[in-house]
Amino acid sequence: MKVDVIVIGAGLSGLACALTLQARGLTPLVLEASDGIGGRVRTDQHQGFLLDRGFQVLQTWYPEAQRWLDYGALDLRPFYPGALVRSGGRFHRVSDVWRRPWRLPEMLLSPIGTLGDKLRLLGLRHSCLRGTIADLYARPETTALARLQARGFSTRMLDRFFKPFFSGVFFDPDLGVSSRTFEFLFRAFALGDTALPARGMGAIPAQLAARMRGEWLRLGCRVTGLEQGQAVLDGGERIDARALVIATDPWEAARLLGHARHAGDRQRPPPARGTTCCYFAADAPPFRGPYLVLNGEGRGRINSIQCPSNLSEHYAPPGKALITVNCHGVGEDPDRLEARIRRELGDWFGPPVASWERLAIYPLPQALPVQAPPVADPATIPQRLASGLWVCGEYRAAPSIHWTLHSGRRAGEDIALSLSAG
């Protein structure tokens with residue numbers, strides 16, 4: 001069998017690459033080792049509930065998401081622009097006053113930070129929105145925590161808001177991520193909604209895949225090695241192509257690049273950060289509204305809580321609520337973790353927690369690549385590794401749906417240009 005381009009991996013980057021190739025008149029074949037598309041962005045159905053594989057969201061500001069996705073068809077359901085923060089035994093609302101100006105008095109009186117912190121938030125917002133994305137990635141770089149400290153934010157604001165909120169994004173409780181990565185995400189939060197598709201995050205890759213034509217996908221198809229112009233499959237089958245694209249996670253890419261010539265030091269995978277996502281079913285949600293709830297107490301196993309069924313009725317059967325509890329790290333015995341979580345939840349929400357049913361626990365040891373400095377402008381990172389061999393994916397750019405789709409599109413455009421020139 002011979003095709004124009006073999007794309008290894010049916011995650012968002014691989015799908016964007018395949019769609020780009022198809023739009024330029026080429027015939028791609030996507031090989032996916034698992035039983036479904038989407039990579040990390042998948043949704044499981046369990047007893048009438050929709051369980052995303054780990055807490056994930058779509059930032060509607062992302063330029064590449066706007067390019068690729070039909071937001072109306074996804075029926076996006078936004079979170080409240082801000083959060084509920086548990087601190088001092090009470091819940092306090094933190095609001096984006098640019099979009100909720102009537103919340104300004106409440107925000108000024110909130111104990112989550114000082115009055116000076118509230119004013120510094122406006123300065124941080126102005127800084128993160130200034131210039132282009134390329135300008136942002138050209139700024140002097142430090143860690144997110146060091147950048148916030150340099151701006152004068154109080155320890156109270158760091159511990160009660162910034163650390164619980166953004167550590168839930170980066171899975172880094174100490175905010176050791178690049179200040180450039182942090183400012184890019186802060187821009188996304190400021191300029192768009194944080195949302196869930198009404199029928200789960202898996203609707204995003206499904207929408208992309210629906211645009212492909214012909215016999216373009218093979219599931220359960222593991223590539224064991226790469227040779228010049230060939231992908232070698234588990235079982236010995238060989239597929240010829242004019243170009244090969246590795247669109248897998250970085251750890252699988254490292255394995256495959258170990259079989260490819262001229263891979264050099266690119267075959268070393270980056271370190272990773274893990275997270276654990278726990279799902280519970282209840283007769284009623286512990287809080288009303290489309291809120292992200294953060295642990296600002298400075299102790300405990302919980303990082304954040306959401307009720308996806310508060311946003312979309314499709315996430316839970318009628319008369320039921322779906323509750324998501326996110327914790328940093330992996331490796332803890334599930335029963336022990338559940339017991340610790342329930343004790344904390346009981347302090348927060350009282351006796352009803354005892355009746356919640358555990359649905360699933362997802363340990364995700366390689367949830368995200370570490371994003372410590374230095375971080376280059378993802379749009380400038382080379383994706384062609386050797387003659388006929390390209391790599392794309394979030395680890396070739398930066399972890400986010402924007403950069404994942406951007407990386408796949410860039411690879412597809414470069415391949416199409418190279419093949420037309422050849």
Checklist entry - Should Glu357 and Lys320 be marked as a salt bridge (Lys or Arg N to Asp or Glu O under 4.0 Å) after you check the CA-CA gap, both sets of side-chain angles, and the distance that decides it? => result CA-CA 11 Å; Glu357 176 191 357; Lys320 290 290 185 178; 5.7 Å; no
Checklist entry - Distance from Leu368 atom CG to Arg40 atom CZ, nearest 0.5 Å? => result 5.0 Å
Item to check | Asp414 side-chain N/O to Pro382 backbone N/O, donor-acceptor pair under 3.5 Å | outcome: no
Item to check | NE2-SG distance between His406 and Cys392, expressed to the nearest 0.5 angstrom | outcome: 12.0 Å
Next on the checklist: Centre-to-centre under 6.0 Å for Phe165 and Phe186, is that the case here?
Outcome noted: no
Next on the checklist: For the backbone of Leu191 and the side chain of Arg99, can you confirm whether one donor and one acceptor N or O come within less than 3.5 Å of each other?
Outcome noted: no
Item to check | Thr20 side chain near Arg24 side chain, heavy-atom distance below 4.5 Å | outcome: yes
Item to check | side chain to side chain donor-acceptor pair (under 3.5 Å) partner of Ser167, the single match among Asn303, Asp172, Asn326 | outcome: Asn303
Next on the checklist: If I compare all heavy atoms of Tyr80 with all of Ala83, which pair ends up nearest, and what's the gap?
Outcome noted: CD2-N, 4.3 Å
Next on the checklist: Are the side chains of Leu76 and Thr60 in contact, using a 4.5 Å heavy-atom criterion?
Outcome noted: yes
Next on the checklist: If you define the side chain from C-beta out and look only at heavy atoms, does anything of Phe182 sit under 4.5 Å from Thr143?
Outcome noted: no
Checklist entry - Strictly under 6.0 Å, is that where the ring centroids of His46 and Tyr279 end up? => result no
Checklist outcome for this item: Distance col, row Tyr291:OH vs Phe91:CZ, nearest 0.5 angstrom, shows 12.5 Å
Item to check | Ser87 vs Ile112 side-chain heavy atoms within contact, under 4.5 Å | outcome: yes
Checklist outcome for this item: In this structure, OG1 of Thr276 is separated from CZ of Phe171 (nearest 0.5 Å) by 10.0 Å
Item to check | Pi-cation contact, Trp98 with Arg125 (under 6.0 Å, within 45°) | outcome: yes
Checklist entry - In terms of the angle between their ring planes, are Phe280 and Trp356 parallel, tilted or perpendicular, with boundaries placed at 30° and 60°? => result tilted
Item to check | Atom of Thr275, atom of Ala367 and distance for their closest heavy-atom approach | outcome: CG2-CB, 3.8 Å
Next on the checklist: Donor-acceptor check, side chain of Arg242 to backbone of Leu419, threshold 3.5 angstrom: yes or no?
Outcome noted: yes
Item to check | Contact summary for Asn295 and Ile302, nearest pair of heavy atoms | outcome: ND2-O, 2.9 Å
Checklist entry - So which heavy atom on Ile415 is nearest to which on Ala243, and how close? => result CG2-CB, 4.0 Å
Checklist entry - Does Glu338 come within less than 4.0 Å of Arg342, counting only side-chain N to carboxylate O? => result yes
Item to check | Main-chain N/O of Ala33 paired to Arg222 side chain as donor or acceptor, under 3.5 Å | outcome: no
Checklist entry - Is there a side-chain contact between Thr404 and Val41, using heavy atoms and a 4.5 Å cut-off? => result no
Next on the checklist: Looking at Glu297, is its backbone amide N or carbonyl O close enough to the side chain of Arg86 to form a donor-acceptor pair, meaning the two atoms are under 3.5 Å apart?
Outcome noted: no
Checklist entry - Is the side chain of Asp377 donor-acceptor paired with the backbone N or O of Ala379 at a distance under 3.5 Å, no angle test? => result yes
Checklist entry - salt bridge (Lys or Arg N to Asp or Glu O under 4.0 Å) between Glu183 and Arg130: does it pass, once the steps are laid out? => result CA-CA 10 Å; Glu183 290 179 343; Arg130 188 177 65 248; over 6 Å; no
Checklist entry - Is there a donor-acceptor pair closer than 3.5 Å between any side-chain N or O of Gln59 and the backbone N or O of Leu185? => result no
Next on the checklist: Tell me the closest heavy-atom pair linking Pro369 and Glu394, and the distance in Å.
Outcome noted: CD-OE2, 4.0 Å
Item to check | Pro286 vs Trp348 side-chain heavy atoms within contact, under 4.5 Å | outcome: no
Checklist entry - With distance as the sole test, does Ser95 use its side chain to make a donor-acceptor pair with the main-chain N or O of Gly82 at under 3.5 Å? => result no
Next on the checklist: Under the criterion side-chain contact (heavy atoms from CB on, under 4.5 Å), I'd like the reasoning laid out for Ile37 against Glu32: C-alpha separation, chi angles, the key distance, then a yes or no.
Outcome noted: CA-CA 7 Å; Ile37 63 171; Glu32 170 58 46; 5.6 Å; no
Next on the checklist: Set out, in order, the CA-CA distance, both residues' side-chain angles and the distance that settles side-chain contact (heavy atoms from CB on, under 4.5 Å) for Tyr362 and Leu51, then state yes or no.
Outcome noted: CA-CA 10 Å; Tyr362 287 79; Leu51 309 184; 3.7 Å; yes
Next on the checklist: Using side-chain contact (heavy atoms from CB on, under 4.5 Å), reason through Leu58 and Leu69 one step at a time and then give a plain yes or no.
Outcome noted: CA-CA 11 Å; Leu58 174 64; Leu69 302 177; 4.2 Å; yes
Checklist entry - Can you find a pair of side-chain heavy atoms, one from Tyr315 and one from Asp52, that are under 4.5 Å apart? => result yes
Checklist entry - Above 12 or not: heavy atoms from other molecules or residues under 6.0 Å from CZ of Arg199? => result no
Checklist outcome for this item: Nearest heavy-atom contact between Arg120 and Arg151 is CD-O, 3.2 Å
Next on the checklist: Using the rule given for side-chain contact (heavy atoms from CB on, under 4.5 Å), can you reason through Phe153 versus Leu121, listing the C-alpha separation, both sets of side-chain angles and the distance that settles it, and then say yes or no?
Outcome noted: CA-CA 9 Å; Phe153 286 102; Leu121 273 174; 4.2 Å; yes
Next on the checklist: Applying the side-chain contact (heavy atoms from CB on, under 4.5 Å) criterion to Trp216, which one of Thr27, Leu15, Val7 satisfies it?
Outcome noted: Leu15
Checklist entry - Roughly how far, to the nearest 0.5 Å, is CZ of Phe55 from SG of Cys327? => result 13.5 Å
Checklist entry - According to the interplanar angle, ranging from 0 to 90°, do the rings of Tyr137 and Trp403 count as parallel (below 30°), tilted (30 to 60°) or perpendicular (above 60°)? => result perpendicular
Item to check | Flag, side chain of Gln47 to backbone of Leu359, donor-acceptor distance under 3.5 Å | outcome: no
Item to check | Side chain Glu141, main chain Val375, donor-acceptor under 3.5 Å | outcome: yes
Item to check | Step-by-step salt bridge (Lys or Arg N to Asp or Glu O under 4.0 Å) determination, Asp75 to Arg77 | outcome: CA-CA 7 Å; Asp75 191 9; Arg77 308 295 178 89; 2.9 Å; yes
Checklist entry - Between Glu64 and Arg67, is a salt bridge (Lys or Arg N to Asp or Glu O under 4.0 Å) present by the stated rule, with each step listed? => result CA-CA 5 Å; Glu64 286 292 325; Arg67 173 195 290 265; 3.6 Å; yes
Checklist entry - Any side-chain heavy-atom pair from Met212 and Leu217 closer than 4.5 angstrom? => result no
Checklist entry - Looking at CD1 of Ile246 and CZ of Arg255, how far apart are the two atoms once the value is rounded to the nearest 0.5 Å? => result 9.5 Å
